[in-house]
Amino acid sequence: MYDYIRTIVPEERLLFHEPMSRHTTFRVGGEAECMAVVETKEELSQLVSYLGRIEQEYFVLGNGSNLLVGDKGYRGIILKLGSRLSAVGVEKNHIAAGAGALLSRVAYAARDAGLSGLEFAAGIPGSIGGAIVMNAGAYGGEMKQVVQMVRVMDKEGEILTLDNDTMEFGYRTSIIRNRPFIVLGVVLKLMPGDQGEISAKMEDLMKQRKGKQPLEYPSAGSTFKRPEGYYAGKLIMDAGLRGYRIGGAQVSEKHCGFVINAGGASAADIREVIEEVQERVLDRFHVRLEPEVIFLGDF
C-alpha cells in the first residue's frame, strides 16, 4: 500500500508515525500511522479511489478544529489538505476558496475586498471545508447564507458540483454529513459593503468572543450542538458542572459549553469529561447533548 501511495505523493509529503497533537486544536492525540499531505485534486482522487478499492480506512483533515484523536493513535491514512488546496481568490462579489483554507482567512479576505456577509466567521476556528460540512455559524450568521456552490469528490474520486439547495444545509449539518463526499472548494456570494463597517463588526464580534469564550485554552470550540429549546452551556452549568475536571480536561469556567485542555490533558481525559457531561445532563434534565466533536482513532 505505501509503495503505491509513494507513486502518487512524493516522499517528502509522507509523514509516518505523525503525532496528531500537532494537527488538532485540542493539542492532544496519538500518532497517525501515515499522513499524506495532498496538494492537488488529482492526487486526492487517486488516493481516495485506491484506498476505497482496498477498503483501507482514511480521514480527510483540514485544521483539526473539531477533532479529538485518541491517545493510541489512528491506524488509517490521514489525507491532509495542503497549501494548493487552500487558495483563496476574490472576483467581484464572489470568493472562491479551497477546502483547506482557514475560515478566518476567507473572512478577512472578504473584509479586505469590501464584501459583507461573512463577518460572523472571523473568529470561528477551522477550515472552510469543515465549515461547509457542519454549516458552521455564530452570532446569527451561518454558511448556508453565503454559499453559492460547493465542489465535492465522491468515494470513486469523481468531482461533483452542488448548489446551495442541494447541500441540504441545516443546524450544524449538510448533505456531506450523510454522504461519502469530500469538500474540495466553495464559491461564496457576498454583498458589497463599507470596509470600515465590516471591519468594525468583525472587531466587535471578536471582542464578544474573547469576553465570553475560553480562547486562551486549547479546545475544539463549542463542544456540543445546541439542543432544541435549550442552550448546552446553561444546561451544563445548571447541572453543577462548571469547572468539572478529569486530569487536564475541564468544563470551562468562563463558558460551560466548552471543554478545554486546561494543561496536560489526554484525549481520554477530554472524552471522559464529554461523556460525563452528557450523562449528568441527560439524568437531570432528560436532554441528550450531541457533541460537535468528531472522535477518531483508538482511545
Side-chain angles (χ1 to χ4, degrees), residues 23-25 37-41 43-44 48 59-67 78-113 115-154 159-177 179-191 198 201-202 205-206 209 220-222 292-294:
H23 301 278
T24 66
T25 56
V37 181
V38 184
E39 289 288 1
T40 68
K41 296 172 186 175
E43 288 177 356
L44 186 61
V48 165
F59 184 85
V60 180
L61 178 69
N63 192 49
S65 61
N66 244 28
L67 185 64
I78 297 288
L79 304 179
K80 182 171 175 63
L81 302 179
S83 58
R84 290 176 63 186
L85 291 173
S86 306
V88 178
V90 181
E91 185 174 348
K92 296 183 179 178
N93 64 328
H94 291 84
I95 293 185
L102 288 178
L103 184 56
S104 57
R105 178 185 165 205
V106 181
Y108 285 113
R111 178 202 63 184
D112 294 345
L115 295 175
S116 178
L118 204 58
E119 292 91 335
F120 72 90
I124 299 177
S127 64
I128 197 157
I132 294 299
V133 172
M134 66 176 294
N135 187 26
Y139 297 104
E142 59 182 352
M143 297 307 297
K144 176 183 179 179
Q145 298 166 355
V146 295
V147 169
Q148 184 173 64
M149 70 89 170
V150 181
R151 285 195 181 88
V152 300
M153 183 177 290
D154 66 18
I159 296 175
L160 309 171
T161 299
L162 308 178
D163 62 18
N164 189 300
D165 289 339
T166 309
M167 284 298 298
E168 298 177 7
F169 285 122
Y171 174 67
R172 299 299 177 265
T173 191
S174 71
I175 192 173
I176 301 170
R177 285 284 200 193
R179 300 282 187 90
F181 291 153
I182 299 167
V183 178
L184 295 176
V186 60
V187 174
L188 307 178
K189 185 177 181 180
L190 303 172
M191 297 291 293
I198 294 167
K201 185 175 181 180
M202 290 170 70
L205 292 179
M206 283 303 298
R209 280 192 171 91
S222 182
E292 289 189 15
V293 177
I294 297 168

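Index from 1, following the sequence.
Distance check: Met134 CE to Tyr171 OH gives 7.5 Å after rounding to the nearest 0.5 Å. A distance of 5.0 Å separates CD1 in Ile182 from CG in Leu44, rounded to the nearest 0.5 Å. With values rounded to the nearest 0.5 angstrom, Arg111 atom CZ is found 14.0 Å from Leu190 atom CG. The structure places CZ of Arg172 at 5.5 Å from CD of Glu292, a figure rounded to the nearest 0.5 Å.
Here side chain to side chain donor-acceptor pair (under 3.5 Å) pairs that include residues 122-151, with residues two or more places apart or in two chains, are His94-Gln148, Asn135-Glu142.
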Output a table of donor-acceptor pairs, distance under 3.5 Å, between side-chain atoms of residues 115-123 and any protein atom two or more places apart or on a different chain; print 'none' if there are none.
{"residue": "Ser116", "atom": "OG", "partner": "Glu119", "partner atom": "OE2", "Å": "2.8"}
{"residue": "Glu119", "atom": "OE1", "partner": "Gly117", "partner atom": "N", "Å": "2.8"}

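The minimum heavy-atom distance between Val90 and Ala109, with the atom names listed, is CG2-O, 4.4 Å. Annotation for Arg209 and Ala138: closest pair NH2-CB, 3.3 Å, computed over non-hydrogen atoms. Summarising the geometry of Gly100 relative to Leu81, their closest heavy-atom pair is N-CD1, 3.9 Å, with the distance given to 0.1 Å. Of all heavy-atom pairs spanning Val133 and Ile176, the tightest one is CG2-CG2, 3.9 Å. The two residues Val106 and Ala97 have their closest heavy-atom pair at CG2-CB, 3.9 Å.
Among Val88, Leu103, Ile95, the one residue that satisfies the side chain to side chain contact (heavy atoms under 4.5 Å, CB included) test with Ile128 is Leu103.
For Glu39, the salt bridge (charged side-chain N to carboxylate O under 4.0 Å, His left out) criterion is met by no residue, not counting sequence neighbours. Under the rule for a side chain to side chain contact (heavy atoms under 4.5 Å, CB included), the partners of Asp112 that lie at least two apart in sequence or sit in another chain are Gln195. With sequence neighbours excluded, the residues that form a side chain to side chain contact (heavy atoms under 4.5 Å, CB included) with Val150 are Ile132, Val147, Val152, Met167, Val183, Val186. Residues satisfying the side chain to side chain contact (heavy atoms under 4.5 Å, CB included) test with Arg179, not counting sequence neighbours, are Ile175, Phe181. For Thr166, the side chain to side chain donor-acceptor pair (under 3.5 Å) test picks out Asp163, with sequence neighbours left out.
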Inset, instruction - Could you walk me through whether Thr173 and Glu168 pass side chain to side chain contact (heavy atoms under 4.5 Å, CB included), step by step? - result: CA-CA 8 Å; Thr173 191; Glu168 298 177 7; over 6 Å; no

Inset, instruction - Check the pair Met149 / Lys189 against side chain to side chain contact (heavy atoms under 4.5 Å, CB included), numbers first and verdict last. - result: CA-CA 9 Å; Met149 70 89 170; Lys189 185 177 181 180; over 6 Å; no

Inset, instruction - Verify side chain to side chain contact (heavy atoms under 4.5 Å, CB included) between Leu67 and His23, making sure each step is shown before the conclusion. - result: CA-CA 9 Å; Leu67 185 64; His23 301 278; over 6 Å; no

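Counting only distance, with no hydrogens or angles, the side chain of Ser174 and the backbone of Phe169 share no donor-acceptor pair below 3.5 Å. Side-chain atoms of Arg84 never come within 3.5 Å of backbone atoms of Lys41 as a donor-acceptor pair (strictly under, hydrogens ignored). Using a distance-only test at 3.5 Å, with no hydrogens or angles considered, no donor-acceptor pair links the side chain of Asn63 to the main chain of Leu102. Side chain of Arg105 to main chain of Ser86: a donor-acceptor pair is present (N/O by atom type, distance under 3.5 Å, no hydrogens or angles).
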